[in-house]
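So the structure is just underneath, and the comments pick up after that.
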Amino acid sequence: MDIAFKMLISYVSKQSGIDLNQYRESYLKRRIELRMKATGNKTFEEYLSFLRKNGKKEIEELINTIAINVTEFMRDVTPFKFFMERILPDIANRKHKVKSNMLRFWSAGCSNGEEPYSIAICIYESLGSDWLFTIYATDIDLDSLEKAKEGYYDASQLKNLNKTLLYKYFEKEDDGYRVKSFLKRHIRFKRHDLTTDTPVSKYLDGIFCRNVIIYFNDSQKSKIFNDFYNALVNRGYLIIGKSETLPSEFNDKFKCINLKDKVYQKT
């Protein structure tokens, strides 16, 4: 890592409170260079000077660029189908045995909220309305979390939902749709940094962390998967992105339930 880049990363980490050293260097450089191009800076030295002059606003823009937030409802449909048809019935069966109707999930790296709301829709569609459930939805991007709390989306973000689901869980508003209040009440949005913070909760029935882990280095992947393991109940489920891989050191802690959709279960 060259000196100018190292100084830049150190400065942004200190100002934002997010340890950027936990991301892969090649990924960081690509994302930072996008902001450099947008702001007319050609070198890391120039961009660091620009950051110092422009303060919090540009820091936030850079963090938002690093934390890619491109999501949609039921993005990549098959994992959600497997969640509804296989995972939720299994969890419900185990809950019935201990006379409980409470479910707890975590959407880690929730971006603009499409994933946690999708999880909530799946629960209603699979198990009905008699279950009490909470979905913890976390991200490092405060702007994305504010958008998620608003629950307002344009039609393109809802393209994977059929009209029945659309009208059941959303209200038409202006040129888009807003999540209905009965669905919103199940979601707890919170800022959380996977690389440094402790798990958002414990005794979770399932964790979704899709297309997030790929951006971290090996040591941070180990930290994050260990946190997930400790946060899940026995036989709890972990769903990661299809392009992501469970580190081999966790092969004895999670068993693969669905290789195609990257679904694992705590052993």
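Computed from a prediction, not measured in an experiment: that's the story for all the values here.
- E146 pairs by the salt bridge (charged side-chain N to carboxylate O under 4.0 Å, His left out) definition with K149, not counting sequence neighbours.
- The shortest non-hydrogen separation linking D197 to K223 is O-NZ, 2.6 Å.
- No salt bridge links E58 with K53; every basic N to acidic carboxylate O contact stays at or beyond 4.0 Å.
- With sequence neighbours left out, K180 forms a salt bridge (charged side-chain N to carboxylate O under 4.0 Å, His left out) with no residue at all.
- Annotation: F225 is not in aromatic contact with Y264 [ring centroid separation under 6.0 Å not met].
- Every residue meeting the side chain to side chain donor-acceptor pair (under 3.5 Å) condition with E125, not counting sequence neighbours, appears here in chain and number order: K168, Y169.
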Acceptor/donor pairs from residues 130-137 side chains to any protein atom, 3.5 angstrom cut, sequence neighbours excluded:
residue: Y136; atom: OH; partner: R104; partner atom: NH2; Å: 2.9

- Would V12 and I59 satisfy side-chain contact (heavy atoms from CB on, under 4.5 Å), going step by step from the backbone distance to the final call? CA-CA 7 Å; V12 175; I59 294 287; 4.2 Å; yes

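- The hydrophobic cluster containing M102 does not contain F83, counting ILVMFWY residues as joined when their side-chain heavy atoms lie under 4.5 angstrom apart, directly or transitively.
- Every residue two or more places apart in sequence or in another chain was checked for a salt bridge (charged side-chain N to carboxylate O under 4.0 Å, His left out) with E33, and none qualifies.
- Of all non-hydrogen atoms in S118 and E114, the two that sit nearest each other are OG-O, 2.7 Å.
- Taking all atoms of both residues into account, the shortest heavy-atom contact from T195 to D193 is OG1-OD1, 2.8 Å.
- Taking the side chain as every heavy atom from C-beta outward, M36 and F44 approach each other to under 4.5 Å.
- Of the possible polar contacts, none joining the Q15 side chain to the K56 backbone as a donor-acceptor pair under 3.5 Å is found.
- Hydrophobic clustering, with ILVMFWY side chains joined whenever heavy atoms are under 4.5 angstrom apart, keeps V263 apart from L259.
- Here the CZ atom belonging to R31 is positioned 12.0 Å from the OG atom belonging to S26, to the nearest 0.5 angstrom.
- Counting non-hydrogen atoms of other residues, nucleotides and ligands closer than 6.0 Å to NZ of K172 gives a total above 12.
- More than 12 heavy atoms of other residues, nucleotides or ligands shown are found within 6.0 angstrom of CZ on F182.
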- Could you please spell out the steps behind the side-chain contact (heavy atoms from CB on, under 4.5 Å) verdict for D175 and D154? CA-CA 7 Å; D175 294 327; D154 61 43; over 6 Å; no

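- Within the 4.5 Å cutoff, side-chain heavy atoms of I63 are placed close to those of L20.
- Pairs of residues two or more places apart, or lying in two chains, that qualify as salt bridge (Lys or Arg N to Asp or Glu O under 4.0 Å) and include a residue from residues 245-267 are K242-D261.
- Between A108 and T138, the shortest heavy-atom contact is CA-OG1, 3.7 Å.
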- Start with the C-alpha distance between W106 and S201, add both sets of side-chain angles, then the distance that settles side-chain hydrogen bond (donor to acceptor under 3.5 Å, both in side chains), and finish with yes or no. CA-CA 8 Å; W106 180 9; S201 188; over 6 Å; no

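- L34 and L51 end up in different hydrophobic clusters when Ile, Leu, Val, Met, Phe, Trp and Tyr side chains are linked at under 4.5 Å.
- Between the side chain of N93 and the backbone N or O of P89, no donor-acceptor pair lies under 3.5 Å.
- Residues K221 and D218 form a side-chain contact, since some pair of their non-hydrogen atoms from C-beta on lies under 4.5 Å apart.
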- Derivation and outcome, side-chain contact (heavy atoms from CB on, under 4.5 Å), residues R52 and Y11: CA-CA 9 Å; R52 286 172 171 159; Y11 178 77; 3.6 Å; yes

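- Rounding to the nearest 0.5 Å gives a distance of 10.0 Å between NZ of K202 and CG of D227.
- Rounding to the nearest 0.5 Å gives a distance of 11.5 Å between OG of S49 and CG of L8.
- When the side chains of ILVMFWY residues are joined at heavy-atom separations under 4.5 Å, either directly or via intervening members, V233 and V200 end up in two distinct hydrophobic clusters.
- Of all heavy-atom pairs between A148 and Y117, the closest is O-OH, 2.7 Å.
- Using a cutoff of 4.0 Å between basic side-chain nitrogens and carboxylate oxygens, R178 and E150 are scored as salt-bridged.
- In this structure, the side chains of L165 and L158 stay at 4.5 Å or more apart for every pair of heavy atoms.
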- Task: Decide side-chain contact (heavy atoms from CB on, under 4.5 Å) for I87 and I239; before the verdict, give the C-alpha distance in whole Å, the side-chain angles of both, and the deciding distance to 0.1 Å.
- Result: CA-CA 11 Å; I87 295 176; I239 302 174; 3.8 Å; yes

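- Considering only heavy atoms from C-beta on, I91 comes within 4.5 Å of F105 through its side chain.
- Salt-bridge formation is detected for the pair K95/D205: a Lys NZ or Arg NE/NH1/NH2 atom is positioned less than 4.0 Å from an Asp or Glu carboxylate oxygen.
- The CG atom of L103 sits 7.0 Å away from atom CG of L88, with the distance rounded to the nearest 0.5 Å.
- In this model, a donor atom of one side chain and an acceptor atom of the other lie less than 3.5 Å apart for D90 and Y237.
- Among S107, P116, S144, the single residue meeting the side-chain contact (heavy atoms from CB on, under 4.5 Å) criterion with F189 is P116.
- Between the CD atom in E46 and the CG atom in L48 there is a gap of 11.0 Å [rounded to 0.5 Å].
- Residues G176 and Y152 approach most closely at N-OH, 2.9 Å, considering heavy atoms.
- The side-chain heavy atoms of P199 and F228, taken from C-beta on, include no pair separated by under 4.5 Å.
- R94 places a side-chain N or O within 3.5 Å of a backbone atom of R235 that can act as its donor or acceptor partner.
- Distance CD1/I213 to CD1/I224: 4.0 Å, rounded to 0.5 Å.
- Taking the charged nitrogens against the carboxylate oxygens, D143 and K147 have no contact shorter than 4.0 Å, which rules out a salt bridge.
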